[in-house]
Amino acid sequence: MASLMTSRDRFLAAFAGAPLDRPPLWLMRQAGRYLPDYRAVRAQHGFWEVCKTPALATRVALEPLALFPLDAAIVFSDILTVPDALGLDVTFGTGDGPRVGRPLKSAADLEQWDVAGAPAKLAFAADAVTDLRRAIGERALLGFCGSPWTLLCYAAEGQGSDDFRAARTLLLKDPALARRAMEAFADVAAGLLRAQLAAGADAVQIFDTWGGLLPRELYRAHVVPMIRRIVEQLPSSSAGPARSILFVRGGQHLLPVLGESGVAGLSLDWRTPWREARALYPRLVLQGNVDPITLLAGPDAAAAEARALVADMRADDGGRRCIANLGHGILPPTTVESVAALCRAVTEVQWSS
Ligand code: 1CP
């Protein structure tokens, strides 16, 4: 029976806590600059243009599915669609990271945000999901958004950073302003996730790339309630609560409080020991967490890491509630051969029940 599972069955079975023939597999940032067709598309079209044109977004989201035996697609978009829709004017230069034209410096900046108008400006995201859903057959589909904290990091800093000191300072100096900004991000992001689920996404992931910068008690006091605010706005279905996954980069020290956010699953950073997370959260879906650097070390290293991870997944509870993935996104210099080897190492596994 297990061998008859489609990719989508396998992905949904992980959330249902049902037996798996092997872990379902997808990779964070599976579309992007390491792929040749993506680079060809970007040579002709701007980044926002790719996100906002369903045919282009679908084309680049399909490229990894054509190359690798992945069980899920993720809609092609970016977490910074939300601040852009609020009017912060986010742009991507060539080769470097995002720039925020109207960063958050004071309460007067926040007054300018167009919370009521943002959902209409994000309509393209649901259109991209609808288009991709039609194209992927029996594979699972993920929507996503950024966590309110990570969005505050970019909004306050105005660009990428190693330490996002502007946002961390704001949180300590003016927690009321930080909270109001994060509430706006949370509500617009929740609307985006609802639209993606309604358009055919099977699950949604909340990316908290910069959550690990905060100590545990600050994270618990200021960020966990914002994740919960998003999760509580998601619809439940006859199959249960909406399938939500929280990824926190560098969140090992936060692990004990992440479950309080109410998500159905946690995506583990590459530094988090799988079995420690499983011991803490026997009932949650866990996803992860091969170090993306192993892909740079070559196909053999990538396959060995993936095999070790799959053994850990099987060890504790017979391999339920797990999704194979990386511990952060694929890095641009990664080779197709390394990704293929990792995928093979996961998909050749056969768990008998
Ligand atoms: O072509 C280009 O030059 C743009 C590069 C690029 C891509 C391919 C950006 C700009 N965004 C994306 C797509 C993207 N972003 C996806 C879909 C790709 C897929 O998986 O198929 C996703 C899920 C994201 C999410 C995202 N954007 C995150 C969270 C995940 C993570 O990797 O940590 C973050 C932090 C961003 C911000 C962002 N957007 C783009 C860049 C280069 C960055 C990072 C900037 C920084 O380092 O601070």
Side-chain angles (χ1 to χ4, degrees), residues 25-52 56-68 70 72-84 88 90-100 125 128-129 132 136 139 141-164 166-167 185 189 192-193 196 201 203-213 245-251 267 269-270 287-288 292 325-334 339:
L25 168 71
W26 70 281
L27 302 172
M28 287 192 267
R29 312 293 292 258
Q30 65 193 27
R33 285 170 294 178
Y34 77 106
L35 290 177
D37 189 57
Y38 178 80
R39 291 196 297 266
V41 169
R42 283 284 284 110
Q44 309 233 320
H45 304 278
F47 180 70
W48 280 145
E49 188 189 350
V50 179
C51 294
K52 295 182 184 186
L56 291 175
T58 295
R59 174 172 162 185
V60 299
L62 288 177
E63 187 183 10
L65 303 191
L67 291 170
F68 313 116
L70 298 163
I74 180 162
V75 64
F76 190 83
S77 186
D78 195 81
I79 63 167
L80 298 172
T81 53
V82 164
D84 192 55
L88 279 77
V90 180
T91 51
F92 294 91
T94 40
D96 51 28
R99 301 267 161 196
V100 179
V129 170
L132 187 55
I136 58 172
R139 271 144 158 166
L141 175 51
L142 288 114
F144 72 93
C145 70
S147 94
W149 165 250
T150 286
L151 297 180
L152 184 69
C153 282
Y154 288 100
E157 200 75 36
Q159 58 186 27
S161 164
D162 290 335
D163 61 11
F164 287 96
F185 286 141
L192 171 66
L193 297 185
Q196 291 173 341
V204 291
Q205 178 151 320
I206 302 168
F207 285 94
D208 199 0
T209 302
W210 302 109
L213 292 174
I245 306 171
L246 172 63
F247 168 69
V248 183
R249 178 166 176 260
S267 189
D269 168 279
W270 71 94
Q287 172 176 279
N325 204 314
L326 299 173
H328 190 212
I330 297 181
L331 296 161
T334 297
V339 177

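First listed ligand is number 1; within each ligand, the first listed atom is number 1. Nothing here was measured: the structure is a model prediction, and the numbers come from that model.
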Is the centre of the Y154 ring less than 6.0 Å from the centre of the F185 ring?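 Not close enough - the centres of the two rings lie 6.0 Å or further apart.
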
For ligand 1, which atoms, with element, lie under 4.0 Å from some heavy atom of I74?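 Per the distance check, 19 (C), 20 (O), 21 (O).
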
Which of the atoms of ligand 1 are close to T209, meaning less than 4.0 Å from one of its heavy atoms?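 Heavy-atom distances to T209 below 4.0 Å select 29 (C), 30 (C), 31 (C), 33 (O), 35 (C).
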
Is a side-chain N or O of [X] found less than 3.5 angstrom from the main chain of [Y], in a donor-acceptor match?
X    : Y    : answer
W149 : W210 : yes
Q205 : F144 : no
R249 : H328 : no
Q30  : A72  : yes

Is it the side chain (CB and beyond), the backbone, both or neither of [X] that lies under 4.0 Å from ligand 1, heavy atoms counted?
X    : value
R249 : neither
R29  : both
Y154 : side chain

Of the choices [options], which has the non-hydrogen atom that lies closest to [atom]?
atom                    : options         : value
atom 30 (C) of ligand 1 : F247, F76, F207 : F207
atom 17 (C) of ligand 1 : S77, P332, A31  : S77
atom 45 (C) of ligand 1 : P98, G32, G160  : P98

With sequence neighbours excluded, residues passing side chain to side chain contact (heavy atoms under 4.5 Å, CB included) with D37: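 D37: side chain to side chain contact (heavy atoms under 4.5 Å, CB included) contacts with A40, V41, R59, E63.
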
With under 30° as parallel and over 60° as perpendicular, where do the rings of Y34 and F68 fit, or are they tilted in between?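 Answer is parallel, since the angle falls under 30°.
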
Is the shortest N/O to N/O distance between [X] and ligand 1 below 3.5 Å?
X   : value
D78 : yes
Q30 : yes
R42 : yes

Sequence-distant partners of T150, side chain to side chain donor-acceptor pair (under 3.5 Å), two or more places apart: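 With neighbours one apart ignored, the set is D208.
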
